[in-house]
Novice: 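Dumping the structure here so I can ask a few things about it.
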Amino acid sequence: MDAQKASITALVCGFTRAYHAKNDTPKIFDDNWAECLLSPEEYAFMEESVTGLLNLFEPETAGKVDEVTARRLVMQKYNSSTVLSRARFIEDCLEKAISAGIDQYVILGAGLDTFTLRRPELADRVRVFEVDHPASQADKKDRLMRAVGGVPKNLVLIPVNFETDDLRDCLLQNGFDPGKPAFFSWPGVTYYLELEAIRNTLRIIAELGAPGSGLVFDYADDTAFDPARISDREKKLQSITRQTGEPMKTGFVPAELEEELSRFGFGTVENLGPAAIEERFFANRADLYHAFDTAHFIHVEKM
Ligand SMILES: C[S@@+](CC[C@H](N)C(=O)[O-])C[C@H]1O[C@@H](n2cnc3c(N)ncnc32)[C@H](O)[C@@H]1O
């Protein structure tokens, strides 16, 4: 991503959670704070942009439906499923970790995450470290200032570029305690990094995370980067993120990722593929939300 500009995909994810909170029932992930981090103008701009994307995804339908329907089709069929279900998966795992006594929560590539604002009853029991690209984090800080007058008291903001900075030093210098287990989430980031930066980050988490530490992240499988197997939806999604200056770069073969993580000392708790994600988060819905064909969620624990 552009070193000087806040992440646009982070803004889109924040809008996605805000839209879902306002428009869909039942909730996959209920983020009633997401809209507070966006200005009314940004929200309106995002709504309009999303509506126009029906021309890309379903040119045969665009023009035949009204704006609200066009927006709902894009959000439910093409944009939001992974953003919402990974957030739910992460916080389901986090809740269990906090109940088991973990009191450090590190959100890597936090974007417009609202955990500290939205779940004060849980957030008060943990020290939360939000790690993000310096430009994205400066923007988040301004948004927190406008929304609630500053950074919540138990939230530590740590600017880190995973491709150039030393995550280990940054966490240690900002109060992370490697002597105690922690819970790490890494939502919506691996797609955008080179393999070397992903491996480096995993190695540091493995070194810093005491036994019992948890790590959850989502990733694309290898079909997303294979011209012979990529789906039309995924191809179009990748062309959009490329245009925002945040090209998707990396995916994994699920079994090989588990093997790689085990070499770092992580044991797999769950590694959910599209069918399992569909069953857990989208079964019995009457709307158009479904698991995406290339998205996977993995939960591992440091042994
Ligand atoms: C798709 S957004 C996801 C944001 C948030 N996790 C969510 O789910 O809403 C990608 C995030 O990865 C971060 N990111 C991308 N490249 C990065 C890098 N090289 N170093 C640090 N953060 C990076 C962006 O700043 C952004 O917050």
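From a predicted model like this one, the values you see are computed outputs, not experimental measurements.
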Novice: Is the cationic atom of Lys22 (NZ for Lys, CZ for Arg) positioned less than 6.0 Å from the six-membered ring centroid of Tyr43 and within 45 degrees of its normal?
Specialist: yes
Novice: Indicate the atoms forming the closest heavy-atom contact of Tyr289 with His20, along with that distance.
Specialist: OH-ND1, 3.5 Å
Novice: Say whether Thr250 and Tyr219, considering side chains only, have a donor N or O and an acceptor N or O under 3.5 Å apart.
Specialist: no
Novice: If the plane angle is over 60° it's perpendicular, under 30° parallel, otherwise tilted; pick one for Phe176 and Phe184.
Specialist: tilted
Novice: Could you give the distance from CG (Leu117) to CG (Asp31), rounded to the nearest 0.5 Å?
Specialist: 9.0 Å
Novice: Has Arg233 got its NZ or CZ under 6.0 Å from the middle of the six-membered ring of Phe57, at an angle within 45 degrees of the ring axis?
Specialist: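 Not satisfied by the 6.0 Å and 45° rule.
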Novice: Lys140 and side chain to side chain contact (heavy atoms under 4.5 Å, CB included): which single residue from Leu37, Asp132, Val151 fits?
Specialist: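 Result for side chain to side chain contact (heavy atoms under 4.5 Å, CB included) with Lys140: Leu37.
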Novice: Can you tell me if Asn174 uses its side chain to pair, donor with acceptor, with the backbone of Cys170 under 3.5 Å?
Specialist: yes
Novice: So which atom in Glu42 and which in Leu11 form the shortest heavy-atom distance, rounded to 0.1 Å?
Specialist: OE2-CD1, 4.1 Å
Novice: Applying side chain to side chain donor-acceptor pair (under 3.5 Å), can you list everything that pairs with Thr223, at least two apart in sequence or on another chain?
Specialist: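 Thr223: side chain to side chain donor-acceptor pair (under 3.5 Å) contacts with Asp221.
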Novice: Pick one: which of Ile107, Leu122, Leu157 meets side chain to side chain contact (heavy atoms under 4.5 Å, CB included) with Val128?
Specialist: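 The option that passes is Ile107.
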Novice: What I want to check is whether the side chains of Glu246 and Tyr191 have a donor and an acceptor closer together than 3.5 Å.
Specialist: no
Novice: For residues 175-197, which residue pairs qualify under salt bridge (charged side-chain N to carboxylate O under 4.0 Å, His left out), counting only residues two or more places apart or in two chains?
Specialist: Asp103-Lys180, Glu194-Lys249
Novice: Identify the residue among Glu278, His296, Arg280, His299 that makes a side chain to side chain contact (heavy atoms under 4.5 Å, CB included) with Leu272.
Specialist: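 Result for side chain to side chain contact (heavy atoms under 4.5 Å, CB included) with Leu272: Arg280.
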